[in-house]
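See below for the structure under consideration.
Just so you know, these numbers use all the heavy atoms, side chains as well, and skip hydrogens, waters and symmetry mates. Keep in mind that what you see is a predicted model, and the values were worked out from it rather than measured. For ligands, and for the atoms within them, numbers begin at 1 and follow the listed sequence.
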Amino acid sequence: MSLSYRQENAKTLAALLGIEEEEAAQRLSLRIAVTFDSKTEAIRELAAHIIEMLRRTVEHAGQPDDKPFAVEIVIGGCTPVTAAPLRVYAGEDGADFVVRETAPLAKCDLLIPRPLLVIAACYVSAAAVRVALSPTFPFRNFGPIVLSWAKLFGDDLERLNQPIDVGEVYLAGAGAVGHGFIYTLRYFDVSGTLYVTDPKKATAGGLNRCLLFDADDLGHPKATRVCEVAGPLFPKLTLVPIDKELDDARKLRGKDFLIQKLVIGVDSRRVRRSLQAALPGTVFDASTTDITEVVLHFNRQPTELACLSCVYPESERERKHEENVAEALGLTIEEVRAGYISSPVAAKICDKYTDLRADDLIGRAFDTVYKELCGVGKLKTVGGHQVLAPFSFVSVLAGAYLAVEFAIRIAAPNEERFNYWRVSPWNNPVTELRQQRPRDPSCEFCSKPALRQVIQRLWKHLRPEEH
Ligand SMILES: [Zn+2]
């Protein structure tokens with residue numbers, strides 16, 4: 001009963017546009033050509049990222065052939081070679097990377113650190129999809145996308161090429177954002193140990209955004225599989241899979257073991273919020289809001305700035321959504337809040353849906369199963385948007401920004417340019433919207449004075465400059 005990745009994309013688009021799933025599938029059945037000069041390695045790499053993401057979003061993406069295309073992406077100074085009615089030009093204008101519809105760009109060299117090519121590819125992919133789905137697509141853009149690398153990551157881009165030793169890091173969540181993180185992190189000269197934790201298994205729908213997986217990986221535990229696939233991409237970083245939730249993974253090191261560096265790519269607000277209770281020293285977090293935007297959040301304890309619970313407070317939408325899921329699956333809200341399907345809960349779902357098999361449900365997220373059982377109409381209800389899967393380039397953009405900020409902040413822990421930023425894949429990144437978001441005085445976690453004292457004691461050595 002698992003949704004295919006094409007159905008997953010169609011469902012997202014259908015709920016977003018308020019159209020039937022079949023029509024959405026039809027609209028995504030597009031062919032996009034990528035024309036580039038294959039003599040330059042960086043350009044080849046950029047094109048490969050774009051093709052990898054778009055082929056998981058639309059019917060076909062690749063180098064031009066003799067079949068018709070809806071859109072042609074033209075990189076650098078190449079001449080368009082297809083009769084596609086729509087074009088997206090991508091390349092460099094001085095030090096900036098530009099994506100626009102209006103006019104070709106000059107020849108480009110892309111002498112930028114390789115992780116930035118992933119970010120550029122996400123914006124190019126988004127622009128191509130936006131152009132193809134216009135004019136009824138809700139995300140409009142009337143000007144070019146301009147990625148000013150120095151404005152985004154500082155004048156010294158060379159530091160992104162320097163070796164970084166991450167020590168020991170835990171990654172919670174080996175799904176879409178976790179994949180984007182690992183996919184991008186491999187372009188850094190990185191050493192140390194990365195523990196990858198996720199209790200869930202790879203599903204067919206997830207193939208629309210988990211770039212390191214293909215059909216052979218379905219049904220396997222995500223953490224183990226991603227480490228097997230990505231391990232060879234990291235000559236100096238050791239990847240250790242743990243097919244459990246983060247807190248269970250933590251306890252394997254002893255019940256009082258503390259995680260100093262935690263990267264978060266899990267897909268539920270509730271789980272995200274709860275991770276702060278594991279008392280991590282430093283948090284690097286990214287999430288997506290359907291296909292609309294990417295949220296980045298960082299915190300380093302002890303701090304007077306926002307924590308995960310401040311950033312993802314429990315909302316009415318979230319409660320309503322959990323109620324809907326519980327009702328649809330014949331469960332209690334508490335059972336749904338557990339995050340993923342255990343074996344007794346699977347048996348209970350099968351009591352209600354007698355054609356399902358418990359074995360197919362165990363270890364999966366409630367939202368995934370809910371989405372499979374529900375029509376598009378239901379997904380448009382309050383909170384329903386929460387389960388809409390992003391397109392590949394949205395999740396990868398979240399993971400890519402996360403990886404670059406992670407690398408910057410590991411190399412220079414005192415560099416806290418911002419702790420909260422929301423970015424749209426469809427528009428220019430607006431650095432002016434970056435915030436130093438303060439602590440929420442009513443936060444369910446960090447508003448407790450006793451807890452703040454504990455954190456102060458545990459992690460004050462992370463801020464030696466203040467003591
Ligand atoms: Zn808080």
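- F418 is linked by a ring-ring contact (aromatic ring centres under 6.0 Å, His included) to F298, W421, counting only residues two or more places apart in sequence or in another chain.
- Atom CZ in R272 sits 4.5 Å away from atom OG in S287 (nearest 0.5 Å).
- The NZ atom of K236 sits 3.5 Å away from the CG atom of D189 when rounded to the nearest 0.5 Å.
- Note that CZ of R300 is 7.0 Å distant from CG of L462, once rounded to the nearest 0.5 Å.
- Test K261, Q260, R253, R250 against Y170 for side-chain hydrogen bond (donor to acceptor under 3.5 Å, both in side chains) and you get one pass: R253.
- Within the sub-2.8 Å shell of the Zn ion (ligand 1), the protein contributes these N/O/S atoms: C307 SG, C310 SG, C443 SG, C446 SG.
- At least one donor-acceptor pair under 3.5 Å links the side chain of T57 to the backbone N or O of M53.
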